[in-house]
Structure formats: structure tokens, C-alpha cells
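What follows is a set of notes on a single structure, which appears directly below.
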Amino acid sequence: MRIGVYVCHCGGNISEVVDIKEVVSFAGKLPDVVVARDNEHMCSEIGQQMVINNISEHKLDGVVIAACSPQFHEETFRQVVSKAGLNPYMFEMANIREHCSWVHASEPKIATEKAKELVAMAVAKLKLNEPLVKKSISLGNRVLIIGGGIAGIQAALDLADSGFHVYLVEKEPSIGGHMAQLSRTFPTEDCSACILAPKMADVAAHPNITLYAYSEVKNVRGYLGNYEVTIVKKPRYVNMDKCIACGICAEKCPVKVIDVNDFEAGLIPRKAIYIPHEFAVPHKYVIDEKNCLYFTKGVCRVCEKFCPHKAIEFDQKSVEETLKVDTIIVATGYEIFDARKKEMYGYGRFENVLTALQMERIIVNIVKGNPPRDIGKRIAFIQCVGSRDEQIDRLNCSRVCCMYAIKLSQLLKRMNPEREVCVFYIDIRAYGKGFEEYYLRAQETGVRFIRGRVAEIYEKPDKKLVLRVEDTLTGDPYEMEFDTVELSVGMVPGEGTNKVAELLKIPKSPDGFLQEAHPKFRPVDTLTDGIFICGCAQGPKDIPDTVAQASAAAARAIRLMNKKKYEIEPTKAMVIENLCDGCGICVEHCAAGAIEISGGVAKVIEALCRGCGRCVAYCPREAIVVRHYTPSQILAEIEAALSNKQKGESRVLVFADYTCTYRLADSVGTSRMPYTASARIIRVPSGALVTPQLMLKAFELGADAILIGECEQKSSPFLNSVECISDNVERVRKVLKEKGIEPERVKYAEFVTVMLSRFVKEVNSLSELTSRLGEIPAEKRKALSTAKA
Amino acid sequence: MKYSFFLGCIAPLRYPGLEAATRLLFKELGIELLDLKGASCCPAPGVFGSFDLWNWLLVAARNLSIAEEQNVDAMVICNGCYATLQEAYHLLGKPERLEAVNKVLSQIGRNYQRRTGVKHVVEVLMQKEVWDKILSLKKRPLGGLKIAVHYGCHYLKPSKVRGHESPETPYHIDNMVKDLGAEPVEYVDKLMCCGAGGGVRSGNSDEARQFTLTKIENARKAGADLIVHPCAFCHFQLDTGQQELLDQGLLKEPLPVILITQLIGLALGMKPEALGLNLNKIPHNYLSRL
Amino acid sequence: MKTLYACIQCGTCSGSCPAGRYTNLRTRLIVRNIQLGLRENVLGSDDLWACTTCYTCQERCPRNIMITDIVRVARNIAFEEGHAKKPHLYVAHMFINTGHSIKFADEHRKLRESVNVSSVPPTVLSYPEAMEEISKLTELSGFKKKVLEREG
Ligand SMILES: Cc1cc2nc3c(=O)[nH]c(=O)nc-3n(C[C@H](O)[C@H](O)[C@H](O)COP(=O)(O)OP(=O)(O)OC[C@H]3O[C@@H](n4cnc5c(N)ncnc54)[C@H](O)[C@@H]3O)c2cc1C
Ligand code: SF4
Ligand code: SF4
């Protein structure tokens with residue numbers, strides 16, 4: 001190979017500490033290095049031009065620049081070498097400013113030696129670099145949206161209006177989700193159905209939306225730009241083209257069904273053939289086969305006889321359809337908490353204990369002049385049922401219950417001021433725009449707010465309910481009687497959300513809802529490019545927040561698809577096929593689902609691979625590597641870092657992930673915080689790439705301690721990398737112990753970029769440890785050569 | 001099937017009928033009950049647990065160690081004894097704690113390894129083969145009897161340690177009552193404490209009686225003829241406590257109280273006197289109807 | 001065990017507490033006073049001894065705070081600091097002397113005989129060596145000393 005090495009003075013920043021001449025002459029003597037030069041400012045026009053000229057003059061096929069941190073100029077220099085016709089990956093930087101001159105300013109001799117070694121490390125790695133090219137995937141304009149609540153509807157309309165084609169899949173017979181069931185919406189008291197119904201109709205009419213109602217996603221394969229989706233359309237037993245929704249069938253159907261999961265929340269019976277509600281989309285009837293006499297007992301078929309349009313088709317079967325889409329938005333919403341689990345409130349046992357959704361329906365039907373039951377004069381609301389409660393493992397606040405209780409309670413009170421309406425609460429959380437004002441209005445309407453979580457309810461023989469509660473503001477326990485009790489049930493992730501999470505491998509946060517890629521900056525992305533989430537599937541929220549997220553998800557999907565193509569970084573996993581025996585262990589460990597076994601060997605789906613290196617750590621045959629960070633490349637750096645170690649010196653190898661730890665080490669340099677000169681920082685995408693075998697090799701070759709610095713998991717772009725690192729470190733420690741070497745010589749730490757002094761402390765303490773423990777005896781190091789972790 | 005019968009204090013010293021009925025029933029069922037020889041007070045969870053938890057744990061471990069020597073589980077007929085022995089068993093699951101306890105026990109020549117633990121009599125009776133046998137031996141129909149079940153506290157709670165059914169809606173004893181041919185009745189505050197626990201009976205007997213009064217009145221309102229329960233200490237409070245309420249003129253119509261093993265004994269045709277029902281302060285006036 | 005600093009003062013415990021219906025016991029305030037470091041409000045109050053340890057509060061606390069167990073621990077400290085009631089000391093004394101927490105007299109022996117069980121139960125009462133063990137145990141645990149001190 002023909003390599004050029006360029007050492008930067010950085011206007012004194014480096015040269016005032018490091019002896020540049022010595023480094024240049026050292027570099028010039030390294031094998032394969034054909035030119036070695038220095039310059040005041042390598043990043044200047046003159047410096048850049050020198051590199052370009054040299055590449056052609058000396059026919060260089062690799063370049064090392066020893067200067068500042070790659071986080072500032074790696075991209076600049078990659079472009080420089082490309083201009084001269086070199087592949088940008090045939091280039092390495094040695095960070096002799098942040099990681100050397102700035103942190104060892106008081107020890108110029110040692111700093112110069114270290115700078116030489118850092119250059120040697122970069123050269124050693126470069127020799128194993130290979131030209132890499134970014135692949136690109138072409139992107140079309142097809143989007144799958146799963147879930148047809150207000151979140152799915154909003155995202156679908158935004159995308160369709162922007163010219164993208166939407167496939168909207170809804171598991172229920174109609175779209176609309178929970179919003180369709182609500183009476184009015186807080187805090188403005190818009191009629192929920194009135195504002196939702198037109199949007200639902202728009203979905204049905206939009207030329208860019210294909211609606212799959214009463215359908216589910218069965219399987220998803222592929223990746224961004226290349227998803228293959230299998231959809232199952234459940235049989236309605238009613239021909240969608242023929243049915244005109246006249247309703248004669250339902251009139252004649254003899255079966256009455258009461259189901260709390262229905263639109264009317266079990267308060268009003270429907271028939272076995274039914275339409276969910278008057279503004280359902282699609283506006284077609286459907287047969288509920290769980291209750292239809294024909295399906296349960298093989299008799300009846302009355303609807304078929306009476307249907308004037310011959311729309312009933314008992315022989316319908318479920319149909320599968322395959323779609324190709326480019327991006328996916330998950331909008332599967334929530335389910336209400338199953339109040340039967342809070343046995344002390346008697347839901348399901350006491351007939352006058354209702355859920356909030358039932359109260360919504362009661363209010364709608366009272367307004368319609370058709371009250372489904374008598375709710376009496378005294379009504380209690382119990383807050384936080386299924387939220388803020390560790391007894392049932394739901395610590396999170398559901399964020400809407402305070403506000404909907406404030407809404408429902410004052411609607412009831414205003415409808416009939418003689419009603420006594422009490423809301424029992426722990427805290428009232430009226431955090432949104434217009435919310436506190438709305439709370440005040442409820443108070444002024446005469447709703448009583450009592451601070452105390454209801455302890456229990458008992459039912460009297462006349463079915464009235466007695467609540468036991470302490471008014472925590474007076475400290476007195478009370479028994480209070482009510483006609484009806486509403487339970488303000490919280491939101492939980494539903495079965496539908498769980499299924500999709502599993503199908504698409506979307507991780508969940510501790511509350512069970514879908515986990516966004518970053519809580520601040522990527523609130524609707526997932527860690528998989530091309531998959532987005534919005535609405536209550538991501539966590540409890542009200543309609544305005546849901547709609548905002550839905551529009552955001554649409555915009556994020558448009559941002560990708562508008563470019564028409566997507567470039568994949570080349571630094572992804574790669575299978576060495578002749579070593580792979582197709583055991584599938586990597587498939588199991590890949591959190592991104594990016595590996596599949598086909599034709600007896602593992603295959604990497606590069607668009608899904610994140611390049612974290614978990615697979616590398618677990619592959620028993622060393623048959624999978626991450627390009628540009630292969631074990632041999634990392635090993636070359638390790639060897640170079642150790643080859644010049646003198647007697648009495650020690651080496652602490654610090655593997656720094658490039659999201660956090662490497663930048664952190666840069667900040668330590670910028671802040672001129674000195675630390676031990678025995679540290680050698682090696683940059684990796686994730687510490688997971690430092691396999692147990694590499695660590696053992698490092699000890700064999702002379703390392704005295706190893707620190708793996710990894711980005712704190714929650715800010716990391718990689719899933720479960722910390723778990724993998726901890727596992728790797730454990731494996732190494734076990735071997736060290738067996739071989740009589742102190743296991744505490746290797747450790748890992750989670751960092752964020754502001755932990756400057758912690759970084760210094762960790763590195764220094766390892767260096768102190770090595771001087772306390774002394775040199776590892778040569779025979780023990782040697783014994784590691786045959787060890788396997 | 002074999003257990004070591006842990007008597008506690010109330011049953012053997014105040015209501016020996018509870019002990020006698022249990023012995024008779026187990027004999028009939030062919031389940032051997034060994035004597036847990038030299039047992040002491042469990043010691044009571046709410047009283048001794050409130051004074052000095054360390055002493056409480058040591059004494060409990062000593063009691064458990066005796067059954068362990070016999071290679072069987074201890075069996076109790078009192079929720080208090082159950083609370084102490086079961087919780088001690090649970091706490092001693094922590095090796096360091098077990099070691100510390102054994103360090104002291106060794107000085108009185110004892111040792112406990114947690115090889116055996118404790119069973120509540122309800123747990124024993126609930127086992128399918130045992131319950132089937134009981135039903136096959138049924139002789140005296142209890143039809144027409146309305147029974148209010150009082151579960152007591154410590155059989156079910158703390159539920160995370162006990163691990164039985166839900167403490168808000170338990171039903172196993174109700175099902176037993178039903179199986180025996182009587183009718184369980186629902187009443188307000190069914191799951192409320194008898195009032196005696198936690199040293200309240202000894203320290204503040206007025207308070208304890210207020211619990212009792214509420215329970216009895218509620219069970220009465222629901223039409224109960226008697227109260228069945230699984231606990232000697234509840235028995236003491238509910239029976240003696242009612243007599244005290246009568247004496248104070250605070251209660252008009254008392255309700256007889258019966259331990260679950262006594263009720264089963266009745267259903268199996270045993271004589272009320274043999275079961276010690278006559279030793280209760282509140283007379284079992286429903287007996288004439290059977 | 002969740003620390004009681006997690007308490008949100010919701011009142012589920014005190015609303016559930018049957019003893020609170022007849023006395024001034026407010027478990028919520030016990031937790032609050034401990035949070036605030038107001039020791040005497042807890043240890044010096046008779047309310048602390050009104051709890052029957054029925055565990056209803058603990059079962060329902062939305063923060064999984066082990067309220068009943070905390071009451072017991074607080075009582076241990078109160079006992080140590082001399083807040084024990086007379087009748088409780090009597091029970092403690094009875095145990096230290098007899099191994100049972102209640103008296104066994106002739107009348108009780110007769111009761112036993114009337115239902116055909118051994119006139120003395122096979123407990124410590126029948127085994128003097130067992131009583132010696134108990135006696136030694138209460139000494140080793142320090143309980144005996146504590147009780148005798150309190151009796152003054
Ligand atoms: C009682 C109550 C009152 C409320 N009142 C108000 C209010 O006044 N104002 C306000 O702003 N907010 C209110 N909310 C909150 C409001 O309901 C939500 O913010 C909103 O409905 C969230 O919409 P979504 O689309 O995310 O979820 P959802 O409405 O739950 O819709 C999700 C949709 O996805 C479908 N789905 C689920 N899984 C799958 C799957 N695997 N495949 C296909 N389809 C699937 C579901 O069937 C459903 O149609 C209230 C909530 C409750 C419980
Ligand atoms: S066949 Fe089924 S849906 Fe049709 S009328 Fe009969 S029960 Fe109703
Ligand atoms: S129930 Fe728990 S959280 Fe609520 S006041 Fe009592 S201790 Fe605090």
C-alpha cells in the first residue's frame with residue numbers, strides 16, 4: 001500500500017506540546033508510508049491542496065491525517081480525498097489534539113510519544129480498510145397506516161393530500177376509534193362526532209386512500225422502500241357493493257347482543273347483523289359471527305331472506321392481500337383499563353358502577369332523548385382507576401382522565417343542576433391550553449371536587465352505592481351514598497398495539513406503550529427508519545396532541561419519501577459466507593431483525609442493520625463482521641497501541657462509542673482536563689463491537705486495563721447494546737479469573753456527553769489500578785492465547 | 001398425609017372445642033395429626049411483632065423447627081398463628097437472615113432449615129382429595145342455614161406474601177359452605193377485621209368490640225343464622241366479644257360463631273357437644289332446626 | 001420495599017382503615033409525619049396502637065407502600081422508647097413466664113376435659129425443657145430485658 005501521513009500543527013494547539021518533526025519522521029519510517037508531511041493548518045486551503053496533489057503525485061491509495069477530532073473534520077477530509085479520486089473510506093484520522101496535546105500539555109515528551117502511537121494506530125487500521133460505497137434504495141410513495149382512529153385518519157389525510165398513496169388498515173368494521181364514542185371534547189366542548197364524521201367521510205372519498213376496514217395486518221417483511229405487507233380482510237358476510245345500509249336485516253334479526261366493547265359500550269343492545277353507528281365508515285352492515293344463529297347453531301338466515309338487495313353472503317371467507325409499501329405508520333391507539341381488576345370498586349359486580357366511556361355514551365344518548373338507563377341524582381367520579389397505581393403495575397398517569405371527568409361532570413350538572421356531582425381525585429392535572437379555565441368552570445357549575453382516593457365501594461340492597469373515602473384535606477373518613485359511580489379509567493396499550501409491536505419489532509417503554517426513537521427530537525420516529533408511530537399507541541394523550549403527532553408522523557414519512565431515494569451507510573454487518581453455518585444465533589441477538597437465514601447462511605438486510613455489532617459478539621464462528629470496524633481492523637489498532645509499550649509503562653485501552661463517549665473524550669480535551677497518558681482511545685460505533693475475543697487478545701498483547709465506554713442506553717441509537725457489553729465484559733472477566741488475572745482490569749461504563757469529570761475519574765482509576773496491581777506476568781498473558789470466552 | 005398440629009394459645013387454653021373438633025375431623029378423614037411438642041405462642045404477629053420483631057422471628061423459627069424435626073408441615077387453625085409462621089417462613093428465605101436466626105437458635109440446641117413450613121387448615125381441607133372425601137362423608141344436611149363467612153385478615157393478607165386468592169373477593173370458604181349444603185350470604189364489611197388483631201383486643205377492647213358489633217349487625221341484616229370463620233383468635237373475639245357487648249347492652253341479637261372444622265364436623269353428623277359447640281358463650285340456637 | 005417517601009397522600013389507606021372509623025388513626029398522617037421527621041407525633045400517639053394490622057391499607061396503596069409493616073416497625077421503636085401500654089406489658093410478661101400469651105388455670109383444664117382432649121395441651125405447658133428454651137430465647141433476643149425494664 002502507498003500511504004500519506006499529514007501532521008497538523010493546529011496553529012500551535014498541537015505543536016506547542018507535541019514535537020511535530022519527530023512525529024513526521026516517525027511516520028515516514030512506518031512500513032507502507034511513502035510520504036509524511038506537516039502543515040500549520042491541515043484544514044486550510046493549502047493543507048487540503050497538498051493532500052490532493054500528493055495523492056496523484058505519489059499514487060497514494062490511503063491517507064492518514066493526524067490533527068483534531070474526526071467529529072470536526074472527518075467529513076471535510078473525506079471529501080478532499082474523494083476529490084483526488086480516492087475512496088472516502090481509505091482515510092483515517094489520528095486525534096492528537098483533543099486526545100493528546102490538550103490533555104497532556106504538561107508532559108510534552110510523553111505527549112509526543114503518544115502522538116506517534118496514535119498515528120501508528122491510524123496507519124495500522126488504514127492498511128486493512130477497504131473502499132466502501134453507499135448503497136441507495138429507491139423510495140416510492142406508498143404508505144401503510146395501521147389503525148383508523150383519529151391518529152390514523154389525520155395521518156392518512158395529510159399524506160393523501162400531499163400526493164402519497166395510503167393504505168389504511170382498521171381492525172374494526174368502522175374507522176373512527178375512540179373519538180367516535182365521545183360526547184363532547186374538552187376543553188372547548190365541540191361535539192366529538194360532529195367534528196370527526198366529516199374527516200371519516202373524507203377518508204372514504206379520497207382517491208389516494210385505500211381503506212381496509214375490518215382487516216388486520218398479518219405479516220410484514222422487508223424494509224424501508226421495500227415492505228411487503230400481508231393483510232387479512234375478515235369476512236363481513238355482507239356484500240359491500242350491494243349493501244345500501246337500509247337496515248331491514250337488522251330489523252328482522254332475532255339476536256340481541258350486549259357487549260361492552262361495542263360502540264354503545266354495552267348500554268344499548270344491537271343485533272347480530274349490525275352497523276356500528278350512524279356515521280360509520282364504511283357505511284355497510286356486518287354479521288358478528290360470534291353471536292349469529294347461523295354460525296352458532298346453523299339455523300335462521302332470516303337476514304338473507306329479507307335483504308332486498310341480496311347482499312348477505314354466508315359463504316364469504318377471509319381474504320389475504322399483499323401490498324408493497326415504502327413506509328409504515330402505526331396508529332393503533334389504546335384500550336381503556338379493565339376496571340374489573342380494581343375489585344374494590346365492584347365494576348362488573350355492582351350494576352351502577354360504570355366506566356367513563358359508558359358515561360360518554362349515556363350523555364350522548366340523553367341528549368338524543370334516549371337515555372339508556374336512569375343514572376339518578378347523585379353521581380360520583382373516581383379518578384385514577386388503572387393509572388398511578390402500582391398494585392396493578394400501572395404507574396403512569398393517563399393524562400386525559402382529569403380533563404374528561406371535569407368535562408363529563410359539568411355536562412351532567414349543567415343538564416340537571418339538581419344533580420349532586422362529586423369528583424374524587426388525588427391531584428387534578430389541568431396542564432393544557434384552556435384546561436385550568438375549564439376546571440374553574442366546572443367548579444363554578446357546582447361540581448364538588450373532593451381530594452381523596454376512594455378506598456372502596458359497597459352496594460346496598462337497593463343498589464345504591466356507598467363510597468368510603470378520606471377527605472385528605474380535612475382528614476376525615478366518610479361514607480357517602482351515590483346512585484351512579486363513574487370510574488375514570490386510564491389508558492392501556494391494547495392487544496392491537498401489542499401485536500403490531502411484535503410484528504414490526506418496535507420496542508416498548510416501561511409503561512407498555514410504543515417507544516419513540518428519542519423522547520425529545522424524534523418523538524414519532526422509531527429506531528427503524530421508515531416506521532413511525534403516533535397517537536395513543538405511543539402513550540396516553542388527548543386529541544389535540546394525537547392530531548399533532550399524526551401530522552408529524554406524516555411529515556416525517558414525507559421527508560423520507562420525497563427524496564425518492566435513501567442512502568444506506570456502508571458500515572453495516574456483513575456475513576463471511578464460507579465461515580457461516582447458518583446456526584441462527586445472530587438472528588436471535590439482532591434487536592433490529594436485520595438478519596435472516598436463507599440458503600443455509602445468514603443474510604444481512606442492510607437497510608435494517610444498525611451496525612451495532614451485537615451479532616459479532618455472539619457469532620460462535622466469527623463469521624459476521626461490521627464493515628470498517630471488523631475485528632481485524634480493531635485488532636490492528638490494539639496491536640499498534642501496544643507494540644511500543646516500554647518497560648514500566650502501562651496501557652489503558654478505552655473503547656469509545658462514537659455517539660457519546662468519543663465526543664465526551666473530545667470535550668474533556670477541549671476543557672483541557674488532564675488525565676493519564678497511558679490511555680489510548682479507540683473509536684467504535686458501539687462498544688458491543690469489542691468482542692470478548694478482542695479483549696482477551698488485547699490483554700495477551702500487553703494491555704493492562706480496558707474500559708468500554710458506551711452511550712447511556714436511553715440516548716443510544718442502538719437497542720440493548722449495553723446489555724451486550726455487560727455480557728461481553730462478564731465473559732472476559734470469567735476467563736481472566738480462570739487465568740489468575742484480576743477481573744477488575746476490564747470494565748464498562750455508560751456515559752452521556754456531559755460527564756466530563758466522570759470520564760477522567762474512570763480512566764484515571766483504571767490507570768491507578770494497574771499501577772497498584774502491577775504488570776501482568778508474561779506467562780499469564782501467554783496463557784490467554786488459547787483462551788476462549 | 002400427615003401434619004404437626006400447631007395449637008397456638010386461644011384454641012387449647014380458651015376454646016378447646018376448636019382443638020377437639022379439628023382432631024375429630026382429621027381422625028375421620030384419616031389424616032394424621034402429630035403433636036407439635038413443646039410449642040409456644042406462635043408468637044402473635046400483631047402483638048409480639050409490634051413489640052420486638054427480632055424476638056418474634058426467633059420464637060417463630062423455634063416453633064417451625066419442631067415441625068421440621070418431624071419432617072412435616074405444621075398445621076394451624078388460627079389466622080394469627082398462620083400469619084406468624086408463614087411470614088417467618090417467608091422472611092427466612094433470605095439466607096443471611098436464616099443464618100442469623102440459626103446462630104441464636106443453636107444456643108438452645110435448635111436449628112431450622114426451611115425444609116418444612118406451615119399450612120392453614122383451610123389450605124389442607126381445600127385439597128381436592130380431602131374435600132372430595134369430606135363430601136362423600138356428609139351425613140347431616142345443612143339446608144336452610146344461612147351462613148355469613150368471615151375470612152379474617154391474615155389468612156389472605158398481605159396477599160403478596162400469602163399468595164392465595166384475591167383479598168378483595170375471596171370465595172373459597174363460601175364455596176365450602178355451599179358444598180356442605182348451606183347458603184352463604186353476602187354482607188357489608190365481610191372482609192373487615194374482627195377487631196382483635198394487632199394487640200387491640202388487649203390494649204383497647206372497646207375499639208375491638210366496635211368492629212365486632214359492626215360485623216355482627218351487618219351479618220344479621222343480611223339474614224345470617226351464624227358466622228363461620230377459619231381462625232381461633234377471631235372466634236375468641238367474635239364469641240367472647242359478643243358476650244361483652246350483650247353485657248354492656250350494646251348488642252341485642254347475637255349470632256353464633258363456628259370454626260370451619262366445627263361446621264364440617266356438624267355436616268359429617270358429629271355431635272355438637274363433641275365438637276365443643278356448647279363451650280361457646282353465644283348459644284348455637286339454630287341446631288334445633290337441623 | 002418501597003420507601004414511604006413515595007407516598008402521594010392519596011388517602012386510600014386511611015379511607016380503607018376500619019380502625020380509623022372508630023378512632024383517630026390516620027395511616028396517611030403516620031406516613032406524612034414520618035416523612036416530615038415528626039417523630040413524636042407518631043411514636044407518642046395512642047393512635048399508633050389502634051391499628052389491628054388487618055392489612056387493608058397495604059393491599060390497596062397505589063404506591064405499594066407497606067403501611068402495616070411500617071406501623072409495626074414504628075411500634076417496635078415506640079415500645080423500645082417506653083410507649084408500651086400496661087395490658088401489652090402484661091401479655092409480654094405472660095409469654096416470658098409461661099410461653100403462652102394467656103393464662104392457663106384450673107377452669108381451663110376442666111374445659112379441655114369436657115371435650116375429651118388431654119387436660120394439659122402438649123405445648124410448653126407439658127414440657128418444662130421447652131419452657132427453658134423459651135426462657136433462654138427471650139433472654140438471648142434481649143426481649144426479656146426490654147420488658148422487665150419497662151415494668152419498672
Ligand atoms: C372516556 C374518555 C374520554 C375522552 N375525552 C376526550 C376529550 O374530551 N378530549 C380529548 O382531546 N381527548 C379525549 N379522550 C382521549 C381520546 O380518546 C384520544 O386522545 C384519542 O382517541 C386517541 O386516538 P388514537 O387514534 O390514537 O387511538 P384510538 O382512538 O384508540 O384509535 C386506534 C384505532 O386503531 C385500531 N387498531 C388497534 N389495533 C389495531 C391493529 N392491530 N390493526 C388495525 N387496527 C387497529 C382500533 O380499532 C382503533 O380504531 C378521551 C378518552 C377517554 C377514554
Ligand atoms: S342469520 Fe345471523 S345475522 Fe342474519 S338474522 Fe339470523 S342471527 Fe341475525
Ligand atoms: S395509600 Fe399509600 S400513597 Fe396513599 S396515602 Fe396511604 S401510604 Fe400514601
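Since the model is a prediction, treat every value here as computed from it, not as a measurement. Basis for what follows: all heavy atoms, side chains included, without hydrogens, waters or symmetry-related copies. Protein chains get the first letters and strands the later ones, always in sequence-line order, with residue 1 at the start of each.
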Hey, mind stepping through C:H108 and B:R14 against side chain to side chain contact (heavy atoms under 4.5 Å, CB included) and telling me if it holds?
CA-CA 6 Å; C:H108 308 123; B:R14 290 294 176 277; 3.1 Å; yes
Can you tell me which of [options] forms the most heavy-atom pairs within a distance under 4.5 Å of chain C?
options                       : result
B:G46, B:A21, B:G49           : B:G49
B:W54, B:W56, B:F51           : B:F51
B:R23, B:K157, B:R110         : B:K157
B:A274, B:A196, B:P45, B:P43  : B:P45
B:L279, B:N55, B:V200         : B:N55
B:G199, B:G276, B:A208, B:A83 : B:G199

Chain C contact via [X] - side chain, backbone, both or neither, heavy atoms under 4.5 Å:
X      : answer
B:L13  : both
B:Q237 : neither
B:N79  : neither
B:R201 : neither
B:V47  : side chain
B:E168 : side chain

Interface moiety of [X] toward chain B, non-hydrogen atoms closer than 4.5 Å:
X      : answer
C:A50  : both
C:A105 : neither
C:V117 : side chain
C:L125 : side chain
C:T68  : neither

Interface residue of largest heavy-atom contact number with chain B, from [options], under 4.5 Å:
options                       : value
C:C54, C:P87, C:A78, C:A74    : C:C54
C:E80, C:K103, C:K86          : C:K103
C:V120, C:I102, C:T98, C:T138 : C:I102
C:V73, C:N76, C:T56           : C:N76

Run the side chain to side chain contact (heavy atoms under 4.5 Å, CB included) test on C:N64 and B:K160 for me, step by step, so that the C-alpha distance in whole Å, both residues' side-chain angles and the decisive distance to 0.1 Å come before the verdict.
CA-CA 11 Å; C:N64 260 338; B:K160 291 193 177 79; 3.2 Å; yes
Heavy-atom side-chain contact between [X] and [Y] under 4.5 Å:
X      : Y      : result
C:T23  : B:Q210 : no
B:Q107 : C:E139 : no
C:W49  : B:S50  : yes
C:Y55  : B:P158 : yes

Atom [atom1] of [X] and atom [atom2] of [Y]: how far apart are they, to the nearest 0.5 Å?
X      : Y      : atom1 : atom2 : answer
B:C41  : C:I96  : SG    : CD1   : 12.0 Å
B:I108 : C:S135 : CD1   : OG    : 10.5 Å
B:R62  : C:L137 : CZ    : CG    : 7.5 Å
B:E19  : C:N116 : CD    : CG    : 11.5 Å
B:D35  : C:S118 : CG    : OG    : 7.0 Å
B:D52  : C:K146 : CG    : NZ    : 3.5 Å

Pairs satisfying side chain to side chain donor-acceptor pair (under 3.5 Å), at least one member in residues 119-131 of chain C, at least two apart:
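Listed by first then second residue: C:H100-C:T123.
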Which residues in residues 5-12 of chain B have a heavy atom less than 4.5 Å from any heavy atom of chain C?
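The list, in residue order, reads B:L7, B:G8, B:C9, B:I10, B:P12.
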Given 3.5 Å as the limit, does a donor-acceptor pair link the side chain of [X] with the main chain of [Y], or not?
X      : Y      : result
B:H154 : C:T53  : yes
C:E59  : B:S159 : yes
C:H88  : B:S202 : no
C:R75  : B:G198 : yes

Salt bridge flag under 4.0 Å for residues C:R21 and B:D189:
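Counted as a salt bridge, because a side-chain N and a carboxylate O are separated by less than 4.0 Å.
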Are B:K37 and C:E133 ion-paired here, with the side-chain N under 4.0 Å from a carboxylate O?
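Looking at C:E133 together with B:K37, the answer is no, because their closest N to O distance does not fall below 4.0 Å.
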Would you call the rings of C:F95 and B:F48 parallel, tilted or perpendicular, where under 30° means parallel and over 60° means perpendicular?
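Answer is tilted, since the angle falls between 30° and 60°.
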Starting from the C-alpha separation in whole Å, work towards a yes-or-no answer on side chain to side chain contact (heavy atoms under 4.5 Å, CB included) for B:F211 and C:T52.
CA-CA 10 Å; B:F211 280 68; C:T52 65; 3.7 Å; yes
Just one of B:D206, B:N204, B:T214 clears the side chain to side chain donor-acceptor pair (under 3.5 Å) bar with C:Y22, so which one?
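Answer to the side chain to side chain donor-acceptor pair (under 3.5 Å) test with C:Y22 among B:D206, B:N204, B:T214: B:T214.
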